Amino acid sequence: MRLRALLETEALGLRLLGGEDELDRTVRGVMTTDLRDPSRYLSGGELVLTGLAWRRDASDSEPFVRILAGAGVAGLAAGEAELGDIPADLVEACLQHRLPLFAVHETVAFATITEHVVRQVSGERAGDLAAVVDRHRRLMTSGPAGGGPEVVLDLLTSDLDLRAWVLSPTGRQIAGAGAPLPGALGAALAGRHLAATRTGRRGPHRAAVAGTTYSLFPIRNTGRGAVPAARDVRESVLSDWLLAVEADASDWPAARLDLLQGVTQLIAVERDRRDAARTVRRRLAQEVLELVQAGAAPAEIAARLRVAAPVLLPGLGAAPQWQVVVARVDWTATDTPGPGGVPGDIAGGPAAQALLEEILVDPAVSGPDSADRIAVAHTDEEAIALVPLPAVPAPLPDTVGGPTDIAGTAETAATPESGEPAAAQDPALHADALLAAVREPLSAGLADDGRLTLGVSAAVHSAEGLRGALEEARHARRVAAARPGRVCAAGHHELASHVLLLPFVPDDVRRAFTARLLDPLRDYDRRHRAELIETLEAFLDCDGSWTRCAARLHLHVNTLRYRVGRIEQLTGRDLSRLEDKLDFFLALRMS
């Protein structure tokens, strides 16, 4: 609403004292204050109401008005109940800073003005929001040239002062208006949304993060052509986008909530278009996977790779290297439906496919089309990604460095372009790095009945190596599955160590082995708080060095010797013997 409309409302009892040329300013809210410096509570566009309790003498008026003008308020209304007439120094300060000034008659309560402004602003913004939805619907009916999610978010910001972002289930920003959302904040909001969704509560979900309140709306297409709703919330929870709005929608009227739901449906249309664009890449991955698993001739697989390379890495001159990533989502079967759930098992392949397509996107890249180099196929149980890697330039002939591997990359040689080691420019995927930024939100979505495990192969440079890469990635995923935690990953380098054996140890054997060695120490720690388990882990990690272990634990060496002696006494083992050290090491890894 405009300041002019307030002045024209007789029931408010406002009298203009200055600023007639500024009456077309927009009022976006109202605030009552008698603080000398209320700037921390102002965001711009407010009508400020004051009883003048902050004023002790004439010198106080100009600093107060300067603060309001700097905060971008729409106008100032001063009550006459305290001092009678409005002081001339306040009138002069408002004229100096071009701030409209009103006098409020002593018979009019500030609450009356506040209620009127709030009612008017809320009504106008609801109308504006309807216009936003209608404008964007017209844009989108003309096809992708309509502008996508960014357009409607820009309109929300410009027309309604609502800051909003479209986020993936891992918290990566798909679209937003204005400044990008920090990655950690996006992950936190996605985690809150996934956790609330798993409880079966309907959106929007309220989330307070770092002192700011957000409303989280699920993005689902419920219009014509929409995919049928999932029978179980777990079928879609890890793939749905969300709309994060910097506002508390808990007290919004039903009409406004309905309009925001309409916005999410418009964005869902863009999501469907993005998924349709992935169809070609998914089909390429499926064809290559079927050839590899069927034992097709390398020449036939190579032909399919040549078709895939230009689609996934357009403009690439040389043949790329390839990596295989295998992911699996496992859900605990339910005997009775949970919130939104149904009994029985859930196929994890589609969920794993959607997750891989998200996880493999560079987290520093935003936008719905940043996954163009990712091709993911799936079976009922697992998803398999075929990831092309640009070849790292080979070193010059006179470069001093290590040997060159079969993929044409130097192990330690400097690249001619940068002088940095080739390893530092290695484009290969690494298991831990893939999940580092997404572990928190995905754990919230998996809750207590789901697990995501992921395995990454080494890079291969030819069709002959793809079958081995697939088996390598599957073995690495089984290694990850043997670890505790909701979200786990393992890479090909771990297959050359003892951990390769651990996934194949039967569960009952594993439990008996770890209980025999570690339960006496856990019981003793529980009774005496002796930290024997922590001491054992540190002692083994320091390769049995008394000095380094004592320094790490901040203990005297004699205290460390006492603890190790107690460990040996309780278990009947000797930590000076290699065999006993190895048994303890394996027990700790399997526990």
Side-chain angles (χ1 to χ4, degrees), residues 184 430-440 442-444 446 448 451-456 475-591:
H430 299 279
D432 290 337
L434 285 176
L435 295 183
V438 302
R439 184 172 275 110
E440 180 182 352
L442 292 185
S443 295
L446 292 163
D448 295 328
R451 287 199 77 202
L452 168 66
T453 52
L454 184 146
V456 181
H475 278 300
R477 192 208 63 78
R478 285 194 285 269
V479 169
R483 296 172 176 168
R486 290 290 165 195
V487 180
C488 299
H492 61 91
H493 61 282
E494 299 181 62
L495 302 184
S497 78
H498 64 279
V499 297
L500 176 61
L501 304 175
L502 300 185
F504 307 103
V505 177
D507 288 342
D508 54 346
V509 174
R510 183 184 314 200
R511 285 192 293 268
F513 179 72
T514 57
R516 186 166 59 251
L517 280 177
L518 301 182
D519 279 1
L521 306 183
R522 291 176 177 140
D523 292 341
Y524 192 87
D525 282 346
R526 198 176 301 114
R527 294 196 308 269
H528 302 284
R529 298 182 180 178
E531 299 180 352
L532 295 185
I533 292 290
E534 179 184 352
T535 301
L536 176 62
E537 290 176 333
F539 186 72
L540 295 175
D541 196 42
C542 292
D543 298 323
S545 169
W546 297 98
T547 304
R548 284 193 288 123
C549 183
R552 173 180 294 189
L553 296 174
H554 305 290
L555 298 175
H556 192 279
V557 172
N558 289 342
T559 303
L560 176 61
R561 291 185 184 277
Y562 172 80
R563 288 189 182 181
V564 170
R566 179 65 67 183
I567 291 171
E568 293 175 335
Q569 179 186 7
L570 291 170
T571 61
R573 298 299 186 105
D574 182 355
L575 278 168
S576 65
R577 298 178 68 247
L578 177 61
E579 295 89 340
D580 288 340
K581 285 181 182 177
L582 181 58
D583 282 349
F584 276 123
F585 178 78
L586 292 173
L588 288 169
R589 293 300 298 266
M590 290 191 294
S591 64

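Keep in mind the model is a prediction, meaning the values are calculated, not measured.
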For this session: Apply salt bridge (Lys or Arg N to Asp or Glu O under 4.0 Å) to the pair Arg522 and Asp519, showing each step before the final yes or no.
Result: CA-CA 5 Å; Arg522 291 176 177 140; Asp519 279 1; 3.3 Å; yes
Problem set entry | Residues in salt bridge (Lys or Arg N to Asp or Glu O under 4.0 Å) contact with Arg516, at least two apart in sequence or another chain | none
Determine the minimum heavy-atom distance between [X] and [Y], stating which atoms define it.
X      : Y      : result
Ala476 : Ala490 : O-CB, 3.2 Å
Ala480 : Cys488 : O-CB, 3.5 Å
Leu570 : Pro520 : O-CB, 3.9 Å

Exercise. With sequence neighbours left out, which residue pairs that include part of residues 548-561 fulfil the side-chain hydrogen bond (donor to acceptor under 3.5 Å, both in side chains) condition?
Worked result: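 Qualifying pairs, neighbours excluded: Asp541-Arg552.
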Problem set entry | Qualifying residues under side chain to side chain contact (heavy atoms under 4.5 Å, CB included), relative to Arg486, sequence neighbours excluded |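 Arg486 satisfies side chain to side chain contact (heavy atoms under 4.5 Å, CB included) with Ser443, Leu446, Asp448, Arg451 only.
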Exercise. What pairs with Ala431 under side chain to side chain contact (heavy atoms under 4.5 Å, CB included), at least two apart in sequence or on another chain?
Worked result: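 For Ala431, the residues satisfying side chain to side chain contact (heavy atoms under 4.5 Å, CB included) (neighbours in sequence not counted) are Val456, Ala489.
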Problem set entry | Atom pair SG/CG of Cys542 and Leu553 - distance to nearest 0.5 Å |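 Spacing of SG (Cys542) from CG (Leu553) equals 7.5 Å.
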For this session: Test His475 against Val479 for side-chain contact (heavy atoms from CB on, under 4.5 Å), laying out the working first.
Result: CA-CA 6 Å; His475 278 300; Val479 169; 5.8 Å; no
Compile the donor-acceptor pairs under 3.5 Å between side chains in residues 579-587 and protein atoms, sequence neighbours left out, one pair per line.
{"residue": "Asp580", "atom": "OD1", "partner": "Arg573", "partner atom": "NH1", "Å": "3.0"}
{"residue": "Asp580", "atom": "OD1", "partner": "Arg577", "partner atom": "NH1", "Å": "3.3"}
{"residue": "Asp580", "atom": "OD2", "partner": "Asp574", "partner atom": "N", "Å": "2.8"}
{"residue": "Asp580", "atom": "OD2", "partner": "Arg577", "partner atom": "NH1", "Å": "3.0"}
{"residue": "Asp583", "atom": "OD2", "partner": "Arg573", "partner atom": "NH1", "Å": "2.7"}

For residues 526-540, which side-chain donor-acceptor pairs fall under 3.5 Å, sequence neighbours excluded?
{"residue": "Arg526", "atom": "NH1", "partner": "Asp523", "partner atom": "OD1", "Å": "2.8"}
{"residue": "Thr535", "atom": "OG1", "partner": "Glu531", "partner atom": "O", "Å": "2.7"}
{"residue": "Thr535", "atom": "OG1", "partner": "Arg563", "partner atom": "NH1", "Å": "2.9"}

Exercise. side-chain contact (heavy atoms from CB on, under 4.5 Å) with Leu588: which of Leu518, Thr514, Leu517?
Worked result: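 Testing Leu588 for a side-chain contact (heavy atoms from CB on, under 4.5 Å) against Leu518, Thr514, Leu517 leaves exactly one candidate, Leu518.
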